Every structure is written in C-alpha cells, then in structure tokens.
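Dropping the structure in here first, questions after.
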Amino acid sequence: MQSFRTELENPVVEKDIIDLEKKIRAFREGKIHDEKFRSLRLARGIYGQRQPGVQMVRIKLPFGKVTFKQLLRIADISDEYASRNLHLTTRQDIQIHYVSLDRTPQLWADLERDDITLREACGNTVRNVTSSPTSGIDPLEPFDVSPYAQATFEYFLRNPICQDMGRKFKISFSSSDADTAFSYIHDIGVIPKLNSNNERGFKVLLGGGLGAQPLLASIVEEFLPEDQLIPYIEAIIRVFDRHGERNNRNKARLKYLIQKIGLDEVLRLAKEERKALKVKIYPINRDSVPQPAIPEQKDIPEVIIANPLRYEQWLITNVFEQKQKGFYGVYVKVPVGDIPTATARKLVDAIRPYVADEIRITQNQGLLLKYVRKEALPVLYNGLTEIDLSAPGFDSPADVTTCPGTDTCNLGISNSMTLSRVLEDVIYNEYEDFIYNREIKVKISGCMNSCGQHGLAHIGFHGSSLKAGIRVLPSVQVLLGGGTVGDGVGRAAEKIIKVPAKRATHVLRAVLDNYRDNSISEETFHA
C-alpha cells in the first residue's frame with residue numbers, strides 16, 4: 001500500500017483517518033495481531049462480511065438525520081467503493097457492503113467532506129445515538145429531543161472513557177410517552193418530561209437489551225433535569241467500563257453487570273463516580289439542530305392519480321399531520337431497508353421541491369420526510385410511485401423489519417431478507433386489511449442476536465436449525481407477544497415454537513387469523 005494523504009480541515013479527523021491507514025499497512029505486514037486490529041477497525045465502522053476479503057462499512061448518522069447532499073454523497077461512495085446499494089438499519093445507520101479494507105481510509109475521508117463519520121459505528125464503544133424519527137415534528141412531544149441526542153453523540157465521540165469497554169453501549173431518545181425509540185431495550189433510554197414548573201428533564205431507563213437473552217430496562221429516574229443528563233450517562237458508562245465483564249464477551253453488556261451486582265449497587269457506584277466528574281452539569285444548546293429550511297411552494301403541478309384507492313391507502317397509513325400546523329410528515333416504506341444508489345438519486349430528485357432538507361431513517365428501516373404541504377401530497381406520491389417507494393402500510397404487519405442475515409453477515413443462520421419479502425407478499429395478497437394495523441409488528445433476525453429486533457416484535461422470527469435424521473433443516477424460532485406499552489414499559493417476545501423456514505408463512509397466517517378471532521393460543525401453532 002502507498003502512504004495515504006488527506007486534506008480535511010479538521011485535524012482530529014484527519015489524524016484519525018491517517019492512523020487507520022497506518023494500522024492497515026501494519027496489519028498487512030504482520031506487525032499487528034489480528035485481534036487487536038479487529039478491535040481498531042470495528043471502532044472505525046469496518047465490519048467483516050460473510051464473503052471473504054471484503055468489509056461491511058457502517059456509516060454513523062446520529063438519530064438517523066441525513067440531508068439530501070449527504071445521501072447523495074453516500075450514494076457516490078457506494079458506487080465508488082461498494083455494491084451500489086444502501087442498507088438502512090434498525091439503529092438509524094446506513095451500511096454499505098463489499099468494500100476493500102485497503103480503500104476504507106479514502107472512503108472515510110470522502111465521507112467526512114460532508115460531515116459524515118464512521119467513528120464508533122461498531123465495536124466496544126457508544127454506538128449510534130438513536131431517537132424517535134418524528135422528534136421535532138411529533139404532535140405528542142413535550143419538546144424536541146434532537147439537540148439532546150446531538151449533544152450526547154458529540155460528547156462521547158472519541159471520548160477516552162468509552163474507547164475500550166467490555167462491550168457496546170446503546171442510548172436512545174424517545175420523543176414522547178409513546179416511546180417510539182424503544183427506551184426499554186437500551187443500556188440507557190430516555191423519555192422527555194416537563195415538571196410542574198415547565199422545566200425540561202427526562203425519565204431515565206437503565207440496563208435494557210435484546211440479543212439471545214433479552215432483558216427489559218428498569219426505570220431509575222422519573223425526572224432528571226436536562227443539564228444533568230450527560231453527566232449521568234458518563235457516570236453510568238464509567239461504572240460499566242470499570243466493573244463490567246471483560247473475559248466472557250457473552251456476559252459483557254450492562255444488563256449482565258446489573259444482574260451480577262444488582263441495580264442498587266450500580267446506581268450507588270454511579271453516584272460515587274459523579275462526585276469525581278469534572279463536568280457536574282452540562283447545559284444543552286437547544287439550537288444545535290436547527291429546523292431545516294422549508295421549500296417554497298408557489299407552483300405545485302396538478303397531477304392525475306392513476307390508482308386513487310392506493311393513494312387513499314397511502315394517505316391513511318404513511319402520512320400524518322405534524323405539530324407544525326399545515327405541514328405533514330410522510331413515511332417511505334423501504335422493502336428490507338435496501339435502496340439502490342440509482343434509486344436514492346431519483347428519490348432526492350423527486351422529493352427535493354416538496355420536502356424539507358432533512359430525512360430521518362426510521363427504526364423499521366424506512367424513511368421519514370418532513371414539512372410537506374397538503375397540496376404537494378399528490379405530486380409527491382406520484383414521484384415516489386415512479387421509483388416504487390409509495391407502498392402503503394408503513395409500520396404495519398406488511399412492513400417487516402429484517403437484518404441482512406445470510407446475505408452478508410458472518411453470524412446469519414437464515415436468509416431473513418428473502419423471508420421478509422415472502423411474508424410481506426402474504427400480507428398484501430391475503431390480508432390487505434392489515435396494512436391499516438399499527439398494533440402488530442413483524443420482525444426477523446438472521447440469528448438469535450436480534451439485529452432485526454425480533455425480541456420486541458408481536459410476531460418475531462430468528463434463524464435457527466432443526467435436525468431431521470441425518471439432515472439439518474433451515475428453520476426459524478417463532479416468538480410472540482413483544483411490543484411497546486408506552487412511557488418506558490415494554491414486553492419481550494416469548495419463544496413459542498421452532499418450525500422449518502418454509503413454514504413461517506403458515507405461522508403468520510395462523511397468528512393473523514386468530515388475531516381476528518381474538519383467540520390466539522399455543523395449541524394453534526402445534527396444530
């Protein structure tokens with residue numbers, strides 16, 4: 001490899017990228033042990049793929065926010081370095097695949113020109129800080145949590161206290177008591193509150209997580225003042241870093257530390273840590289995430305809707321009125337979270353005249369468009385229809401969440417993306433009335449690790465296997481009963497039955513049929 005150079009204005013970022021290039025060269029020359037190099041590249045968003053010799057690169061987008069320019073930059077990067085596809089994740093990131101390790105420094109440098117980072121997107125770090133995609137426009141929100149999520153992202157990025165923890169650490173900000181950022185499955189999840197004096201603060205939940213052994217977070221603060229939030233998080237991270245498991249990776253999350261020493265002891269240790277913190281309070285700049293410019297709408301073209309019924313379905317399921325009167329949020333359902341780069345460019349062209357320059361990636365791998373005027377909805381719908389992104393049923397059973405599974409992941413056991421498409425076809429073709437249902441969520445993971453969030457699904461599947469004599473059959477573990485109750489309360493899905501993967505559609509039909517009859521039972525699945 002030749003020596004790498006970059007001309008970024010930020011010296012910290014420039015040094016980081018040059019350091020990655022040097023470490024890659026040292027690894028190629030056998031001067032760095034594989035395990036040490038693995039830890040370093042993961043903290044730079046570079047993750048090994050199922051296919052030998054290529055990498056998945058995870059692009060970190062705090063609370064899922066991406067501008068038109070940034071989305072086009074990422075599309076260009078995928079064309080140049082990857083497979084001409086963008087994969088939206090349940091943690092509001094974008095992943096690209098089939099990247100050469102040697103080209104990752106230049107890829108990172110190209111992204112940073114539009115203020116996009118790879119740093120700490122993977123690895124034993126504070127992962128992408130997520131929030132409700134509707135934050136800032138949510139009619140139910142007490143206040144916009146976006147500046148708080150941004151401040152948390154900035155404070156812990158490259159922070160020495162969280163560069164070499166035992167495992168990853170996940171933080172979420174919900175916009176309201178509806179808890180659409182799933183506070184109950186995070187190491188720290190917060191929900192905005194106003195006290196009797198109309199002061200801002202947060203309800204805080206601690207120690208949640210999915211994976212093979214899901215554990216729901218505990219409510220530890222009913223009202224934590226806004227300027228104490230980041231010091232509180234820092235104290236918890238210091239306790240986790242100091243006392244968490246480091247030898248057994250499978251027991252190294254915060255939830256296991258709480259199980260081991262008790263919640264009260266973790267909180268006591270955090271209280272002691274806070275005494276030593278240099279930062280006692282941390283005021284938040286509420287203007288750090290300004291509202292995007294709203295496009296002027298002078299000459300909106302009149303259009304003909306070719307399929308009025310489909311349009312009405314889309315209006316009911318994918319469109320809602322923002323807290324800003326006269327403007328609408330529009331959800332875009334993205335099948336299996338994949339957007340080819342050519343489609344991404346057409347998407348920007350189609351929406352630019354009618355949508356504010358701030359797209360949010362949603363936790364179910366879709367997109368949220370903001371500040372659409374009512375009179376612009378028909379032309380926006382037609383533009384989305386032309387690129388096959390106007391399907392109704394966002395966040396319904398017809399909108400199945402899935403991880404990449406065996407397509408690209410080393411850990412995948414099942415082809416979760418194909419199964420997702422099959423299950424969505426069943427809904428659209430046999431249960432079309434369920435596209436209006438927002439109660440039932442269907443989620444699939446390629447293995448038990450719950451990257452597809454099957455552990456919080458009403459109907460969940462994860463990859464597994466069954467033995468039939470000397471043969472091993474691809475199968476799925478079926479889970480039922482997960483979901484969000486609200487205000488920090490959630491349910492973990494419970495394992496019901498394991499079936500061959502080809503029988504997953506039968507399970508889905510059985511659940512939906514019994515849901516209609518209000519008579520779901522375990523016997524149904526065995527029958």
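In this text, all values refer to a predicted model and were calculated from it rather than measured experimentally.
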Ring geometry between F37 and F27 (parallel below 30°, tilted from 30 to 60°, perpendicular above 60°): parallel
side-chain hydrogen bond (donor to acceptor under 3.5 Å, both in side chains) between Q106 and D110, intermediate numbers included: CA-CA 6 Å; Q106 186 62 58; D110 289 348; 2.9 Å; yes
Donor-acceptor side-chain pairing of R310 and S390 below 3.5 angstrom: no
Parallel, tilted or perpendicular, as decided by the 30° and 60° cut-offs, for the rings of Y311 and W314: parallel
R249: partners by salt bridge (charged side-chain N to carboxylate O under 4.0 Å, His left out), with sequence neighbours left out: none
Closest heavy-atom pair and its distance - S465, S475: N-OG, 2.9 Å
Side-chain touch I233/F156, heavy atoms, less than 4.5 angstrom: yes
Euclidean distance, I94 CD1 relative to L86 CG, rounded to 0.5 Å: 5.5 Å
For the student: nearest non-hydrogen atoms of A75 and T341, plus distance: O-CG2, 3.5 Å
Carboxylate-amine/guanidinium contact R44 D16, below 4.0 Å: yes
Counterpart residues, side-chain hydrogen bond (donor to acceptor under 3.5 Å, both in side chains), relative to N85 (two or more places apart): D338
Closest non-hydrogen atom pair, G463 against I413: O-CD1, 3.8 Å
Any donor-acceptor pair under 3.5 Å from Q365 side chain to V334 backbone: no
Side-chain donor-acceptor pair present, S146, S135, cut-off under 3.5 Å: yes
Atom of Q363, atom of Q453 and distance for their closest heavy-atom approach: O-OE1, 3.9 Å
Taking every non-hydrogen atom, the tightest pair across N410 and Q49: OD1-O, 3.0 Å
Within 6.0 Å of NZ in K323, more than 12 heavy atoms from elsewhere: yes
Member of V336, T89, N364, T362 meeting the side chain to side chain contact (heavy atoms under 4.5 Å, CB included) criterion with T401: N364
Residue pairs passing the salt bridge (charged side-chain N to carboxylate O under 4.0 Å, His left out) test where at least one lies in residues 404-421, sequence neighbours excluded: none
Non-hydrogen side-chain atoms of V190 and F173 separated by less than 4.5 Å: yes
Shortest non-hydrogen separation from N318 to F394 and the atoms involved: OD1-N, 3.3 Å
Q95/Y47 under side-chain hydrogen bond (donor to acceptor under 3.5 Å, both in side chains): CA gap, chis, key distance, verdict: CA-CA 10 Å; Q95 293 177 175; Y47 196 100; over 6 Å; no
Pair E432-Q313, side-chain hydrogen bond (donor to acceptor under 3.5 Å, both in side chains): steps then yes or no: CA-CA 10 Å; E432 190 174 15; Q313 291 176 330; 3.1 Å; yes
Residues N10 and E14: side-chain donor-acceptor under 3.5 angstrom: no
Nearest-0.5 Å distance, OG of residue S78 to CG of residue L107: 9.0 Å
Partner set under salt bridge (charged side-chain N to carboxylate O under 4.0 Å, His left out) for R58, not counting sequence neighbours: none
S175 side chain vs V145 backbone, donor-acceptor pair below 3.5 Å: no
Polar contact flag, side-chain donor to acceptor under 3.5 angstrom, H97-S83: no
Candidate pair D102 and S100, rule side-chain hydrogen bond (donor to acceptor under 3.5 Å, both in side chains), full reasoning: CA-CA 5 Å; D102 295 343; S100 165; 4.6 Å; no
Summary of salt bridge (charged side-chain N to carboxylate O under 4.0 Å, His left out) pairs that have at least one residue in residues 440-460, sequence neighbours excluded: D395-K441
Pairs where residues 70-83 contributes a residue and the test salt bridge (charged side-chain N to carboxylate O under 4.0 Å, His left out) is met, not counting sequence neighbours: R73-D114, D76-R345, D79-R84, D79-R345, E80-R103
Sole candidate of K255, R253, R167 that passes salt bridge (Lys or Arg N to Asp or Glu O under 4.0 Å) when paired with D187: R253
Side chains of Y331 and D399, donor plus acceptor under 3.5 Å: no
Side chain to side chain, Y148 and R286, heavy atoms closer than 4.5 Å: yes
N415-T418 side chain donor-acceptor pair, cut-off 3.5 Å: yes
